[in-house]
Amino acid sequence: MQRAKIYPFLVIITLFTFTSCGAIIKSHIRKDAENVPTDFGKEKTTILVIKKDNAYNKRVDKIFKSSYTGSYFFITRAELESKYSDIAAYRYILDNEMAISKTTTTTTVTTPGVGSGTITQRGLSSASVSFHIVDRKTNTIHDTGISSGPSWKKILKAFLQKLDNERKKNGGN
């Protein structure tokens, strides 16, 4: 009898846990001039995606294919300055930022008559990723305004959907 009452509660908590992050991300990445350029897609629009390692590129490409219907290319930073230097033709760049934080705790212990000593403990490290579009024509950075470790794919998907909606609204080039 008691388990029958607890089971629905656990199901609700589990569903909330797995869906709340996505809802927060979608509500935070709203369409405004901060996140999405207001004239995105009014001209022919090709997003240049800065290449990282192969595994990352494959994941990003998969998200692009499911969330963005416009044109995009993966490029190196070197190609940005040579092959894709035409700002009129290649106005937008998608890149990411990774922030890594580490904690270290240092404790000084003093014992009367014995002396003092220092204990240093290395804590956990964490990393988070955020995405942004650079408008090379206006020198403006439009970022997602949110970063995450394991949910970076949800952030990118929501961001690309917002960009695609704006592109289609403005003519879809």
Side-chain angles (χ1 to χ4, degrees), residues 16-104 123-173:
F16 178 76
T17 301
F18 289 112
T19 60
S20 64
C21 187
I24 291 169
I25 289 168
K26 285 182 182 178
S27 68
H28 192 78
I29 302 173
R30 59 200 179 283
K31 192 261 138 201
D32 61 20
E34 260 182 62
N35 299 118
V36 178
T38 54
D39 59 348
F40 188 78
K42 286 185 178 178
E43 302 168 356
K44 182 170 173 38
T45 304
T46 299
I47 297 177
L48 301 177
V49 183
I50 302 297
K51 285 183 182 178
K52 309 292 182 186
D53 63 79
N54 284 338
Y56 171 85
N57 295 341
K58 286 179 183 178
R59 289 183 194 135
V60 170
D61 189 42
K62 184 177 178 181
I63 295 167
F64 256 94
K65 286 178 181 174
S66 71
S67 306
Y68 186 78
T69 58
S71 176
Y72 65 96
F73 299 120
F74 282 88
I75 66 163
T76 64
R77 290 200 186 278
E79 289 176 316
L80 185 61
E81 302 303 322
S82 59
K83 186 175 179 181
Y84 298 100
S85 62
D86 183 1
I87 293 174
Y90 304 106
R91 181 175 174 178
Y92 298 103
I93 303 166
L94 177 78
D95 202 358
N96 71 8
E97 290 181 20
M98 180 178 282
I100 299 173
S101 63
K102 297 178 183 180
T103 59
T104 303
L124 299 175
S125 298
S126 65
S128 65
V129 178
S130 64
F131 294 90
H132 58 267
I133 286 281
V134 177
D135 182 341
R136 295 169 34 168
K137 183 177 178 180
T138 64
N139 271 340
T140 307
I141 297 174
H142 301 271
D143 68 356
T144 58
I146 190 169
S147 64
S148 178
S151 297
W152 70 266
K153 291 174 258 179
K154 289 182 182 182
I155 293 171
L156 181 57
K157 182 176 182 174
F159 192 42
L160 290 176
Q161 288 170 343
K162 296 288 183 181
L163 287 167
D164 203 39
N165 289 340
E166 187 70 8
R167 186 185 63 79
K168 288 175 181 176
K169 183 185 97 179
N170 287 331
N173 295 320

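This chain uses plain numbering: 1 for the first residue, then up along the sequence.
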Fill in: Pair R77-I50, side chain to side chain contact (heavy atoms under 4.5 Å, CB included): steps then yes or no
CA-CA 7 Å; R77 290 200 186 278; I50 302 297; 3.9 Å; yes
Discussion item. Test of understanding: with ring pair (Phe, Tyr, Trp, His ring centres under 6.0 Å), list the residues that count as partners of F64, not counting sequence neighbours.
Written reply: Y68, Y72
If we only count heavy atoms from C-beta on, is the [X] to [Y] side-chain gap below 4.5 Å?
X    : Y    : result
T138 : R91  : yes
L156 : K154 : no
I75  : V49  : no
L163 : P37  : yes
I93  : I47  : no
R136 : L48  : yes

Which distance, rounded to the nearest 0.5 Å, do you find between the [atom1] of [X] and the [atom2] of [Y]?
X    : Y    : atom1 : atom2 : value
S66  : K153 : OG    : NZ    : 12.0 Å
R167 : T45  : CZ    : OG1   : 7.5 Å
N165 : Q161 : CG    : CD    : 7.5 Å
E79  : Y84  : CD    : OH    : 5.5 Å

Item to complete: State whether K52 and D95 are salt-bridged, where the test is any N-O pair (Lys NZ or Arg NE/NH1/NH2 against Asp/Glu carboxylate O) under 4.0 Å.
Response: yes
Hey, does the side chain of [X] reach the backbone of [Y] with a donor-acceptor pair shorter than 3.5 angstrom?
X    : Y    : value
N96  : F131 : no
S85  : K83  : no
D39  : K42  : no
D135 : Y92  : no

Fill in: Residue pair I155 / V129: nearest heavy atoms and the distance that separates them
CD1-O, 4.1 Å
Discussion item. Looking at every non-hydrogen atom in both residues, tell me the closest pair between N35 and G145 and how far apart they are.
Written reply: ND2-N, 4.1 Å
Discussion item. Just by distance, no angles: are the side chains of N170 and E166 close enough, under 3.5 Å, to form a donor-acceptor pair?
Written reply: yes
Fill in: Donor + acceptor pair across side chains of D164, T69 (<3.5 Å)
yes
Fill in: Derivation and outcome, side chain to side chain contact (heavy atoms under 4.5 Å, CB included), residues H132 and H142
CA-CA 5 Å; H132 58 267; H142 301 271; over 6 Å; no
Worksheet item: Is the centre of the F159 ring less than 6.0 Å from the centre of the W152 ring?
Response: no
